[in-house]
Amino acid sequence: MINLFQPQVGEEELAAVAEIFESRWLGHGPRTKAFEAEFAGHLGVEADRLVFLNSGTAGLFLAMELLNLSEGDEVVLPSTSFLAAANAIVAHGGRPVFCDVAAETLNPSWQDIEAAVTPRTKAVVVLHYGGYPGHIVEIAERCRALGIQLIEDSACSPASRVDGKAVGTFGDLAMWSFDAAKVMITGDGGMLYVRDAEQAARARRLAYHGLMQATGLAYAKVSHRWWELEVPEIGRRVIGNDLTAAIGQVQLRRLGEFIARRREIVDLYNTELADIEGLRLPPELPAGHESSYYFYWVRMSAAIRDQVASDLLAADIYTTFRYAPLHKVPTYGSDAVLPGSDQAAGETLCLPIHPGLSDADVLTVAATLRKAVEAHSKETVPGDHA
């Protein structure tokens, strides 16, 4: 099977894990703090504004908790997003309000977001689709001008930038995911960024039971009763640990090579697929934009998309569409009419992309896709369209 995603781990990661085993300390500790500092350096932010967590989803839930949502508060987000963002909004008493995206980029413009903003809007969540930054500069400027908190879902964008500024640092809060399918992985894990120093300190407390201070040996050095607790508000345990942080440190060092290979795969797909009639490729990046190349997506007539995906699967090539439009999920109670999201959901297919793919794999995917698109295009009735 040619997989959609595949983690890239090897001897370096094993050696880092062995070091943690030898230290006899696998929990939250010095390697966690070191990983936070190194990722902060990668982003160009202060280390105390980052919290390493056990998942990117935990970061979204913590972000919503920091907003102190009240009943009736609305949070705008693209319908083409991972469901964790909508779940986090609902879980903290807010109402998700879905905005449209461009069918070509699957990212929203400020105009798409503005159409969903009301006097009850407390925050906006923006997903950088497939690692492409989108209109984040304008969106951040407009949110700031309106006093609306901006949360960047940078789950698949650890290396994305605009004019050198890291995606995830334009808004007020952001999260990255390091699960086993992401650009860089820790097995499971995530990072939360909080621009405000006091809120960042609160996030760290909430991530570890709400405690004002850590317990244990480290705290014993500053308190004669280190077992006593001070819990100003209720939290939970969603912190990362030294074992996964050690893997993350290696993955961060290797990030450049991962992105370079992903870019090579994108270029090869672009070359091989450019002349297929009826197939549309991802748009070119605007000047100054750098992508993490998490997704490579193609668009075709909705009349053939599902058949093409089935043909590829039969050839042991796994494809998918990310992400199914959330405004269609009854749980969220939306009646939004979002033609761009609907069009994208019907036409788009995400192809395999990860550094483990050989050029031969990419050529196999391209050739199989070509054959399927051409075959099913001939079968459609003239005049059929998406």
Side-chain angles (χ1 to χ4, degrees), residues 3-10 12-17 19-20 26-45 47 49-63 81-85 88 127-131 151-161 166-169 173-194 203-204 207-208 237-259 261-262 291-295 322-323 353-356:
N3 294 319
L4 189 73
F5 306 122
Q6 187 169 293
Q8 303 303 301
V9 291
E12 292 180 74
E13 287 82 2
L14 281 173
V17 169
E19 289 180 11
I20 300 302
L26 278 64
H28 188 86
R31 293 297 282 267
T32 303
K33 186 174 182 180
F35 181 40
E36 290 172 347
E38 289 168 16
F39 200 74
H42 168 68
L43 297 175
V45 300
R49 310 303 162 83
L50 290 181
V51 185
F52 181 46
L53 303 169
N54 61 12
S55 71
T57 294
L60 285 168
F61 273 67
L62 267 176
S81 295
F82 187 52
L83 80 167
L127 172 77
H128 305 289
Y129 188 82
I151 301 168
E152 293 182 71
D153 183 343
S154 302
C156 43
S157 306
S160 303
R161 296 178 182 271
V167 158
T169 66
L173 303 107
M175 50 70 63
W176 292 261
S177 175
F178 306 132
D179 73 34
K182 291 301 188 293
V183 176
M184 54 176 284
I185 68 100
T186 60
D188 267 314
M191 194 75 77
L192 176 68
Y193 165 68
V194 185
R204 191 173 297 278
Y208 193 62
R237 194 181 195 281
V238 293
I239 52 172
N241 59 63
D242 278 16
L243 184 63
T244 52
I247 298 172
Q249 288 179 288
V250 175
Q251 290 274 296
L252 183 58
R253 291 197 296 269
R254 299 181 64 193
L255 183 58
E257 73 180 69
F258 294 159
I259 299 302
R261 179 55 186 159
R262 285 175 176 270
S291 176
S292 299
Y293 302 106
Y294 182 56
F295 291 148
R322 298 283 183 90
Y323 298 97
I353 179 169
H354 57 79

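Predicted model, so just to flag it, every value in this text is computed and none were measured. Position 1 is the first residue of the sequence, and the numbers go up from there. Because only heavy atoms are used, hydrogens play no part in the values below, and waters and symmetry mates are left out as well, while side chains stay in.
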Checklist entry - Hey, does F295 have a side-chain heavy atom less than 4.5 Å from the side chain of F5? => result yes
Checklist entry - Of the non-hydrogen atoms in N241 and L243, which two are nearest, and what is the gap between them? => result OD1-N, 3.0 Å
Checklist entry - Got a donor-acceptor contact below 3.5 angstrom from the E152 side chain to the G168 backbone? => result yes
Checklist entry - Would you say the side chain of P30 lies within less than 4.5 Å of the side chain of D242, judging by non-hydrogen atoms? => result yes
Item to check | Distance-minimising heavy-atom pair for V167 and S157 | outcome: CG1-CB, 4.1 Å
Next on the checklist: Between L62 and L53, is the side chain to side chain contact (heavy atoms under 4.5 Å, CB included) condition met? List the steps.
Outcome noted: CA-CA 10 Å; L62 267 176; L53 303 169; 3.9 Å; yes
Item to check | Derivation of the side chain to side chain contact (heavy atoms under 4.5 Å, CB included) call for L255 and V183 | outcome: CA-CA 8 Å; L255 183 58; V183 176; 3.8 Å; yes
Checklist outcome for this item: Between K182 and R262, the two heavy atoms sitting closest are O-NH2, 4.2 Å
Next on the checklist: Return the CD to CD distance between E257 and Q251, rounded to the nearest 0.5 Å.
Outcome noted: 9.0 Å
Next on the checklist: Could you check whether S292 and S160, counting side-chain N and O atoms only, form a donor-acceptor pair closer than 3.5 Å?
Outcome noted: yes
Next on the checklist: Would the distance check show the side chain of T186 and the main-chain N or O of I247 forming a donor-acceptor pair, the cut-off being under 3.5 Å?
Outcome noted: no
Checklist entry - Passes side chain to side chain contact (heavy atoms under 4.5 Å, CB included), L43 versus R49? Steps please. => result CA-CA 11 Å; L43 297 175; R49 310 303 162 83; over 6 Å; no
Checklist entry - Hey, are the side chains of Q8 and R261 touching, using non-hydrogen atoms and a 4.5 Å cut-off? => result no
Item to check | Residue of the set R254, E38, E12 for which side chain to side chain donor-acceptor pair (under 3.5 Å) holds with Q249 | outcome: E38
Item to check | Working for side chain to side chain contact (heavy atoms under 4.5 Å, CB included), residues D179 and D188 | outcome: CA-CA 4 Å; D179 73 34; D188 267 314; 3.6 Å; yes
Item to check | Those residues that, when tested against Y193, pass ring pair (Phe, Tyr, Trp, His ring centres under 6.0 Å) (two or more places apart) | outcome: none
Checklist outcome for this item: dist T244:OG1 -> H28:NE2 (nearest 0.5 Å) comes out at 10.5 Å
Checklist outcome for this item: Note: P158 and W176 closest approach over all heavy atoms is CA-CD1, 3.8 Å
Checklist entry - Okay, side chain of E36, backbone of F52: is any donor-acceptor separation there less than 3.5 Å? => result yes
Checklist entry - Residues in side chain to side chain contact (heavy atoms under 4.5 Å, CB included) with A47, at least two apart? => result A37, A40
Next on the checklist: With rounding to the nearest 0.5 angstrom, report the OG to CZ distance, S81 to R322.
Outcome noted: 13.0 Å
Checklist entry - At their closest point, which heavy atom of Y294 faces which heavy atom of Y323, and how far apart are they? => result CE2-OH, 4.4 Å
Item to check | ring pair (Phe, Tyr, Trp, His ring centres under 6.0 Å) against F178, all qualifying residues, sequence neighbours excluded | outcome: F35, F39
Next on the checklist: Side chains of M175 and D153, heavy atoms from C-beta outward: is any pair under 4.5 Å?
Outcome noted: yes
Next on the checklist: To check you understand the geometry: which heavy-atom pair defines the closest contact between R204 and V51, and what is its length?
Outcome noted: NH2-CG2, 3.9 Å
